[in-house]
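Below: one structure, written as structure tokens.
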Amino acid sequence: MQYSSEAASNGGIKYTLSGQLSAQHHPIFRVLLKELEAATFSHCTLNLAQLEFIDSGGLGMLLLANDMCKKRGSILVLQGATGNVLKILTLSQFQKIMTMID
Amino acid sequence: MMIRYNETQSGLSVLEQANIPAVLVQEIFVVQSQMFAGLQQHLRLFKEEIESYLTTITVPLAQQEKTVQEQQQILQKVIRNAEVLELGNAENLSLSEYGDFVESILNNAILLTIAYSKQAISMVYRLSDVVERLGTLGQLVVNISTVNRKTKMLALNATLEAAHAGQEGRAFHHVAAEVRDLSESISKLSHNMQTEIHHVTQGVLETHKMLVQCAAMDMQPMAEASEKLEHLITALLTQQERFAAVKQEIQALPAPQGDLPTVFPLVKKIQKFQSIVEKIQQQQGGVLEKLNNSTSIEEMQAFFATQENEMRAFFSMDASEITTVP
């Protein structure tokens, strides 16, 4: 997994994830989480449009990110998921837990 | 001479118009009487044949009707049973409810998997911290070893200095020896600590690796299972609709009745025809008797006129029903 970050509108922060988000990639995701923990933002968007694969560990890491945002009084938005990633997010009922947009 | 039946004129009128002698007319009546007797005999045989036929077909038809009723009941029972699935704990589910039930099981399994994965990743992060701390601890032990080596060197130097001092340095020599022994003990302790830290670190790293593997469950088979389940639910709903359609068809069938003629129209027609034959027999019996007992042509003429009207009315009434028999 690779990621990049940028400032978003209305005081938000946006991360773009690409490649595979699996349990094996926990170290790099933890770096992202630590960045998120240190940052100031109103809302966090994870752009998943370039994400090709996700497993249960990846879903667990997204939930950890969501927990972190909630603790900060913020929200996590998942954006642009497609294909199997979107199918698995929907199957896992993430749309009931966090905001998902195209 | 041939006597033809005429719808507008009776046979006697024709005979009268032809000026046929009374003796000849009486002979004709005798012939007719014989013909009527023959006809009556044929009608009687025909009636017996119909009665025999009715008896022959009535029993199998009644049995068949009973069988059809039983088959309908069995079919309805089969459909009722096929529509419901018993789970064994006194809980019954319809086909559509069964689909939802299986879907909820799969959804729960997915949610549990994700929850465990989340916990596993959290533990992985905690263990990463522990490994990091163990690394720091190991470095501290290395620092202790470094300090201890210096202490050991100091003790060695002190021993040498004490030897140079001779008798005056004897006490110092003793202290230096104690420090050297202490340093040896510290060296052994730090070595043991390093070994233990290494073992603990290895154990934590193995656990860390196992947790990562536990969290790395491929969700694709679950997605495929979910798709198959959707097909299954659709199939179950279709099946339920089929059963409902069959039930409606069965319910739309005419209710079986005990009166056999209403069940089988042909039997009704045959019975009607049988009553006609009986009536013809009665009529012909009366005609025969009258022919045998009549004393004058006028009397026969009056009788035939009456009979002819009655028969004509009778046949015109029943003929249409007879001809409608399939």
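Below, read A as the first sequence line, B as the second, and so on, with proteins coming before strands; counting in each chain starts at 1.
Both the backbone and the side chain of B/V212 come within contact range of chain A, with heavy atoms under 4.5 Å apart. With a threshold of 4.5 angstrom between heavy atoms, A/F29 approaches chain B through its backbone and through its side chain. Residue B/A120 does not touch chain A at all, counting heavy-atom pairs closer than 4.5 Å. Residue contact with chain A, scored on non-hydrogen atoms closer than 4.5 Å, involves the backbone and the side chain of B/Q220 alike. At a 4.5 Å heavy-atom cutoff, the contact between A/I88 and chain B is made by side-chain atoms alone. Heavy atoms of A/L62 lying under 4.5 Å from chain B are absent altogether. Both the backbone and the side chain of A/S92 come within less than 4.5 Å of a heavy atom in chain B.
Other residues, nucleotides and ligands place more than 12 heavy atoms under 6.0 Å from the CG atom of B/N108. Counting heavy-atom neighbours within 6.0 Å of B/E70 CD, excluding the residue itself, gives a total above 12. B/F172 CZ: 12 or fewer foreign heavy atoms inside a 6.0 Å radius. In B/Y98, the OH atom is not crowded: 12 or fewer heavy atoms of neighbouring residues, nucleotides or ligands sit closer than 6.0 Å. More than 12 heavy atoms of other residues, nucleotides or ligands shown are found within 6.0 angstrom of CG on B/N81. Shown here is B/Y116, whose OH atom has no more than 12 heavy atoms of other residues, nucleotides or ligands within 6.0 Å. Within a 6.0 Å radius of CD in B/Q64, no more than 12 heavy atoms belonging to other residues, nucleotides or ligands are found. Within 6.0 Å of CE on B/M123 lie no more than 12 heavy atoms contributed by other residues, nucleotides or ligands.
With hydrogens and angles ignored, the 3.5 Å screen pairs a side-chain donor or acceptor of B/Y125 with a backbone N or O of A/H26. The closest donor-acceptor contact from the side chain of A/S56 to the backbone of B/A215 lies under 3.5 Å.
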Q | side-chain contact (heavy atoms from CB on, under 4.5 Å) evaluation trace for B/K118 with A/L64 | A | CA-CA 7 Å; B/K118 180 187 169 189; A/L64 288 177; 3.9 Å; yes
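The distance from atom CD1 of B/I121 to atom CG of A/L63, rounded to the nearest 0.5 Å, is 10.5 Å. Atoms CD1 and CG, on B/I114 and A/L59 in that order, are 5.0 Å from each other to the nearest 0.5 Å.
Counting heavy atoms from C-beta outward, A/K87 and B/M219 have side chains that stay 4.5 Å or more apart. Looking at heavy atoms from C-beta onward, A/Q93 lies out of side-chain contact with B/I110 at the 4.5 angstrom threshold.
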